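Side chains included, hydrogens not; waters and symmetry mates left out as well; all remaining heavy atoms used. For the single chain, residues carry numbers from 1 onward in sequence order. Note that the coordinates shown come from a computational prediction; the quantities given were computed from them, not determined experimentally.
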Amino acid sequence: MRRSVMRFNINGTAVEVEADVRTSLLDLMRNYLHLTGTKKGCDQGACGACTVLVDGERINSCLALAVQYQGRNITTVEGLAANGSLHPLQKAFIEHDGFQCGYCTPGQLCSAVGMVGEIERNVPSVVTADLASDHITLDETEIRERMSGNLCRCGAYNGIVEAISETLIEQGSMKAGERASA
């Protein structure tokens, strides 16, 4: 076992931890830093429960070696709320019943925040109709495709899509006429 001191910026806080270099980012956060909001689902990158943001982009933390992400800005579900206020997506998930058991919710939330960043950067998905357009229309199909890497065993998908749609309209990323209907 080869241990190393690693340095991270997690949820805006500089963190230093000594761990085995083979430790996944997920295990580092949960077992060493006690950030248990991020969940371990399949441990194979198939369910999305472990989704976190690294420099604003979503990744499956169960597939990422922690040592590779030193010095990067990592945001977990615990880091979405600011100054004691829930993130707009967290509020919308509550209002639209975008969770049931809540196990997948942290990954869903981080994935949705990452998706907003993709839209802002005009990154197309497989269902984006016009790849040459300067604006991606976020309809129900586009949101569902972009969130398809996050599974919900309880079937709260309609509430999740409604929560994301409402939040993006309020943030100005969608026009009211583009609102996704579940």
### Query
Who passes side-chain contact (heavy atoms from CB on, under 4.5 Å) against Asn9, sequence neighbours left out?
Asn73

### Message
Under a 4.0 Å threshold between the charged nitrogen and the carboxylate oxygen, would Lys40 count as salt-bridged to Asp43?
### Response
yes

### Query
Between Asn158 and Arg144, what is the shortest heavy-atom contact and its length?
OD1-NH2, 2.7 Å

## Note on the structure
salt bridge (charged side-chain N to carboxylate O under 4.0 Å, His left out) filter on Arg153, not counting sequence neighbours, yields none

### Query
Leu131: which other cluster members, linking ILVMFWY side chains closer than 4.5 Å, directly or transitively?
none

#### Entry: Beyond-backbone contact of Met147 with Val161, side-chain heavy atoms, under 4.5 angstrom
no

### Query
Any side-chain heavy atom of Met115 sitting closer than 4.5 Å to one from Ile164?
yes

### Query
Quick one: salt bridge (charged side-chain N to carboxylate O under 4.0 Å, His left out) partners of Lys91, sequence neighbours excluded?
none

### Task
Return yes when atom CZ of Arg2 has more than 12 non-hydrogen atoms of other residues, nucleotides or ligands closer than 6.0 Å, and no otherwise.
no

### Query
Who else is in the cluster with Ile74 when I, L, V, M, F, W and Y are joined by side-chain contacts under 4.5 Å?
Met6, Phe8, Ile10, Val15, Val17, Leu25, Leu28, Met29, Tyr32, Leu33, Leu35, Val52, Val54, Ile59, Leu65, Val67, Tyr69

### Query
Among the clusters formed by ILVMFWY side chains lying less than 4.5 Å apart, do Val123 and Leu138 turn up in the same one?
no

### Task
List, by chain and number, the other hydrophobic cluster members for Met1, where Ile, Leu, Val, Met, Phe, Trp and Tyr join if side-chain heavy atoms come within less than 4.5 Å, directly or indirectly.
none

### Query
Can you tell me how far the NE2 atom of His34 sits from the OG1 atom of Thr36, to the nearest 0.5 Å?
9.5 Å

### Task
Quick one: list whatever passes side-chain contact (heavy atoms from CB on, under 4.5 Å) with Asp130, sequence neighbours left out.
Ala132, Ser133

### Task
With the side chain counted from C-beta on, respond yes when Phe99 and Ile94 share a heavy-atom pair under 4.5 Å apart, and no when they do not.
yes

### Task
Report the C-alpha distance between Thr75 and Asn11 in whole Å, list the side-chain angles of each, state the deciding distance to 0.1 Å, and finish with yes or no for side chain to side chain donor-acceptor pair (under 3.5 Å).
CA-CA 5 Å; Thr75 304; Asn11 299 327; 4.7 Å; no

### Task
With sequence neighbours excluded, tell me which residues meet side-chain contact (heavy atoms from CB on, under 4.5 Å) with Ser125.
Val127, Thr128, Glu142, Glu145, Arg146

### Non-hydrogen side-chain atoms of Val77 and Leu80 separated by less than 4.5 Å
yes

### Message
Treating Asn60 as the side-chain partner and Cys62 as the backbone partner, does any N or O pair qualify as donor plus acceptor under 3.5 Å?
### Response
no

### Query
Hey, any chance Leu53 and Leu26 share a hydrophobic cluster, counting ILVMFWY side chains that come within less than 4.5 Å of each other, even indirectly?
no

### Message
For Ala49, give me all partners under side-chain contact (heavy atoms from CB on, under 4.5 Å), at least two apart in sequence or on another chain.
### Response
Lys39, Cys47, Tyr103

### Message
For a 4.5 angstrom cut-off between non-hydrogen side-chain atoms, does Arg121 reach Ile119?
### Response
no

#### Entry: N-O pairing of Asp20 and Arg3 below 4.0 Å
no

### Message
Do Thr51 and Ser111 have side chains that approach each other closer than 4.5 Å (heavy atoms only, starting at C-beta)?
### Response
yes

### Message
side chain to side chain contact (heavy atoms under 4.5 Å, CB included) for Ile143 and Ser165? Distances and angles first, verdict last.
### Response
CA-CA 8 Å; Ile143 291 172; Ser165 175; 4.2 Å; yes

#### Entry: Set of residues satisfying salt bridge (charged side-chain N to carboxylate O under 4.0 Å, His left out) with respect to Arg58, sequence neighbours excluded
Glu118

### Summary
Note: with side-chain heavy atoms under 4.5 Å as the link, the other cluster members for Leu63 come out as none

### Task
Locate the shortest heavy-atom distance separating His87 from Gln90; write the atom from each residue and the value.
N-OE1, 2.7 Å

### Summary
Note: Pro106 and Gly37 closest approach over all heavy atoms is CG-O, 3.1 Å

### Partners meeting salt bridge (charged side-chain N to carboxylate O under 4.0 Å, His left out) with Arg7 (sequence neighbours left out)
Glu16

### Task
Kindly indicate whether the side chain of Thr167, heavy atoms from C-beta on, has any atom under 4.5 Å from the side chain of Glu95.
no

### Query
If you measure from CD on Gln108 to SG on Cys110, what distance do you get to the nearest 0.5 Å?
10.5 Å

### For Ala163 against His96, the heavy-atom pair lying closest together
CA-CD2, 3.8 Å

